[in-house]
Amino acid sequence: MQHVPLKWLTRLRLALGLYSLYFVAGYGLTTIFELPDIQSALALNVYLAILASVHLLYELSIGLLMFKRSPWTSAAISLAAVSLIAFIAIEMTGNYSSPYWIMLFTLIFLSGMLGSYIAPGFVFILTIGLVFSVTGFFTGDFELIHGLTVVGLGILISVINHFVWRRYYETPEKKDSQLAAMLKNKQLQSETLVRSISDGVIVTDTDGKITLMNPAAATLSAWPIEEATGLDLHSVLSLTQENDAPLEVDLFKQVMANKKPASSYVTLTDRQGSRKYIVSLVISPVLAPKTEELLGVVAVLRDVSRQRREEQQRAEFISTASHEMRTPVAAIEGYLALAMNEKISKIDSKARSHLEKAYASTKHLGKLFQDLLTSAKAEDGRLVSHPVVVEMGSYLEKLVDTLKFGAEKKGLLTDFVIGGTEESGSQVGGKVVRPLYYASVDPDRLREAITNLFDNAVKYTEKGKVSIGLTGDQQVIQIFIQDTGSGIPAEDVPHLFQKFYRVDNSATRTVGGTGLGLFICRKIIELYGGRIWVESTVGKGSTFYINLPRLDTQQAQRLQASQTDNSTQT
Ligand code: ADP
């Protein structure tokens, strides 16, 4: 139901209460001061005093309680009660000449507060009642002019009501502004929330000046909030890479430039330089709601030092354990090989078959420990790597020469393609000169990765061909290892380079593997700023791609020269 705002309804109830109080007090005072003339002229009698007291009691009890739940009904009952009093007062004070017409018309006017339908309805009932009773319809001295005057006035007031009160009715837009007011409170609430979050939260404007900082961020950085607010973020947050090297990119600037969130693990050193935390830093842009204009950034810092320490301990345990276990496994492997050597041991064919199985399993175990050790090292950045300038064409050619025997043993063809496209080679004096692809990598580590990809291609290919290719452009070198094997289902592709992930199919069930190979490959390629991915069609085969940053010839020569300098000095 439409009605004016609650504070206005409260005022209406107060006005109605005052009317009743007038009748109660008026009767009381005229009785005390013995003024019977005034009493009869203004109908200040005991009946109306009682009615008015009942109304006042209602206002203070049931009306008050009801007002909380349904203010509209509570006020309407009050209005009806006071109208009844006015009605009777008019009748008792000479009808047309009664001063209480004013009271009745003000009540009709006030009824407009209760809603656009209530006002005309109220007016209609009242005026009909008045016309019939007050104007003497029943007593026979009814005069049409009086009746019409009352009806006319009632209708007039109701029209006025319509225009006056409807402006105050609570419309949906006004509800909206109430919501806005509530949102203001919400703002307070979110401030409280930001303050209570145990992650550090820092908000900066587009100049990088801190506009908001929560206590957790203050504790991490050891900067009091008041002091840090308004300062440049970089002077408050001393951030370096996890290994303490300076940050390669300013993430804050990057987020402001791209208007896209960015995250990283970084080391945060506090103000005194006495404490260092490994923090997960997530920076998001703050954009204006409609215009998407950049207003600043919000950074969330979570202290992950403890997790990092635990991860490191786990990795250390795995690497120590696998290192220790490799030695006895190698010994077993050696003794089994001796046992199977016809020149040294005499065994029957049944025992030989058992020993061969034991030997294969031991080899697998040795590979598993080796992979575990490498992946644990890769995870905590201890993978030994000595990058040098390598010319990929000749490097791969030699590598393929040694790898191809594995494929040929299985009856697979091998192929090495340099420069997939025509323009990659140029004719000089009738000879095709192939482009030189230089990269800065550790040849042993890269061999490990490519050998693993090649071995996989052979392992998961029954017949056909395994090709290794090398192409590239000015910036990148692309190596690919292609097979005509079983292929990899699309749903497995995103997980393939994770630790211990193996596709669950008949091929992997029969072919032994650790599920660590591709993880190690990825870690190695990432070591040199490269990228590894796969494209595969089930039943047709897979192609694993490696992209590495390419050095141009001058860069390569310069780097080579400095490397030879270094090695001669040491
Ligand atoms: P694994 O020791 O099991 O070979 P990898 O990490 O090297 O571990 O490979 C993970 C999984 O990826 C393998 O188990 C296999 O299911 C799938 N896979 C890898 N290379 C190929 C390939 N060339 N063709 C088909 N599936 C492959």
Side-chain angles (χ1 to χ4, degrees), residues 315 318 322 325-326 329 360-379 383 396 399-400 403-417 444-470 478-527 530-547:
I318 292 175
S322 39
M325 284 188 272
R326 255 181 348 153
V329 169
S361 293
T362 317
K363 265 198 109 113
H364 182 203
L365 197 60
K367 170 95 172 79
L368 178 64
F369 287 142
Q370 177 62 48
D371 283 358
L372 266 176
L373 187 61
T374 318
S375 63
K377 280 184 180 168
E379 271 191 310
L383 213 54
L396 279 183
L399 187 57
V400 175
L403 290 176
K404 66 180 180 201
F405 297 111
E408 282 162 4
K409 235 168 52 186
K410 208 178 162 183
L412 299 172
L413 295 171
T414 51
D415 195 5
F416 177 51
V417 208
D444 293 334
R445 284 271 166 253
L446 190 65
R447 184 183 305 116
E448 218 174 302
I450 292 172
T451 306
N452 187 36
L453 293 178
F454 190 90
D455 284 351
N456 275 353
V458 173
K459 265 197 316 194
Y460 301 108
T461 305
E462 283 315 311
K463 60 176 193 301
K465 192 162 88 171
V466 177
S467 323
I468 293 194
L470 174 66
Q478 187 168 84
I479 302 166
F480 64 84
I481 293 103
Q482 193 170 41
D483 65 55
T484 53
S486 57
I488 302 157
E491 64 267 25
D492 292 303
V493 169
H495 311 287
L496 221 54
F497 296 93
Q498 290 166 2
K499 254 190 306 185
F500 298 114
Y501 194 86
R502 300 198 74 207
V503 180
D504 186 19
N505 58 23
S506 55
T508 47
R509 259 172 258 133
T510 48
V511 179
T514 61
L516 284 167
L518 290 181
F519 171 75
I520 294 172
C521 281
R522 172 165 70 86
K523 285 287 177 187
I524 292 174
I525 300 305
E526 282 172 358
L527 217 55
R531 196 163 79 83
I532 180 168
W533 74 100
V534 64
E535 284 168 13
S536 184
T537 314
V538 174
K540 286 205 167 152
S542 322
T543 311
F544 283 81
Y545 292 93
I546 293 172
N547 270 12

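In each ligand, atom 1 is the first atom listed, and ligand 1 is the first ligand listed.
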For ligand 1, which part of [X] has a heavy atom less than 4.0 Å away: the side chain, the backbone, both, or neither?
{"X": "Ile488", "result": "side chain"}
{"X": "Asp483", "result": "side chain"}
{"X": "Tyr501", "result": "backbone"}

>> Quick check: do Thr374 and Ile524 have side-chain heavy atoms less than 4.5 Å from each other?
In response: no
> Given Ser536, Gly515, Ser542, Gly517, which has its nearest heavy atom closest to atom 1 (P) of ligand 1?
Replying inline: Gly515
>> Below 3.5 Å, N or O to N or O, backbone or side chain included: is there any such pair between Gly487 and ligand 1?
In response: no
Pull out every atom of ligand 1 sitting under 4.0 Å from any heavy atom of [X], numbered as shown with elements.
{"X": "Leu518", "result": "5 (P), 6 (O), 7 (O), 9 (O), 10 (C), 12 (O), 19 (C)"}
{"X": "Thr514", "result": "1 (P), 2 (O), 3 (O)"}
{"X": "Ala457", "result": "23 (N)"}
{"X": "Leu496", "result": "12 (O)"}

> Could you go step by step and tell me if Leu516 and Phe500 meet the side chain to side chain contact (heavy atoms under 4.5 Å, CB included) rule?
Replying inline: CA-CA 5 Å; Leu516 284 167; Phe500 298 114; 3.8 Å; yes
> Has Lys540 got more than 12 heavy atoms of other residues, nucleotides or ligands less than 6.0 Å from its NZ?
Replying inline: no
> For the residue pair Phe497 and Phe544, does the interplanar ring angle fall in the parallel (under 30°), tilted (30 to 60°) or perpendicular (over 60°) class?
Replying inline: perpendicular
>> If we check salt bridge (Lys or Arg N to Asp or Glu O under 4.0 Å) with Glu379, which of these qualifies: Lys499, Arg522, Lys523?
In response: Lys499
> Does Gly485 come within less than 4.0 angstrom of ligand 1, counting non-hydrogen atoms of the residue?
Replying inline: no
> For Phe544, is the nearest heavy atom under 4.0 Å from an atom of ligand 1?
Replying inline: yes
Specify the closest pair of heavy atoms between [X] and [Y], including all atoms of both residues, with the distance to one decimal.
{"X": "Leu527", "Y": "Leu383", "value": "CD2-CD2, 4.2 Å"}
{"X": "Lys459", "Y": "Glu462", "value": "O-OE2, 4.5 Å"}
{"X": "Thr414", "Y": "Lys404", "value": "OG1-CB, 3.6 Å"}

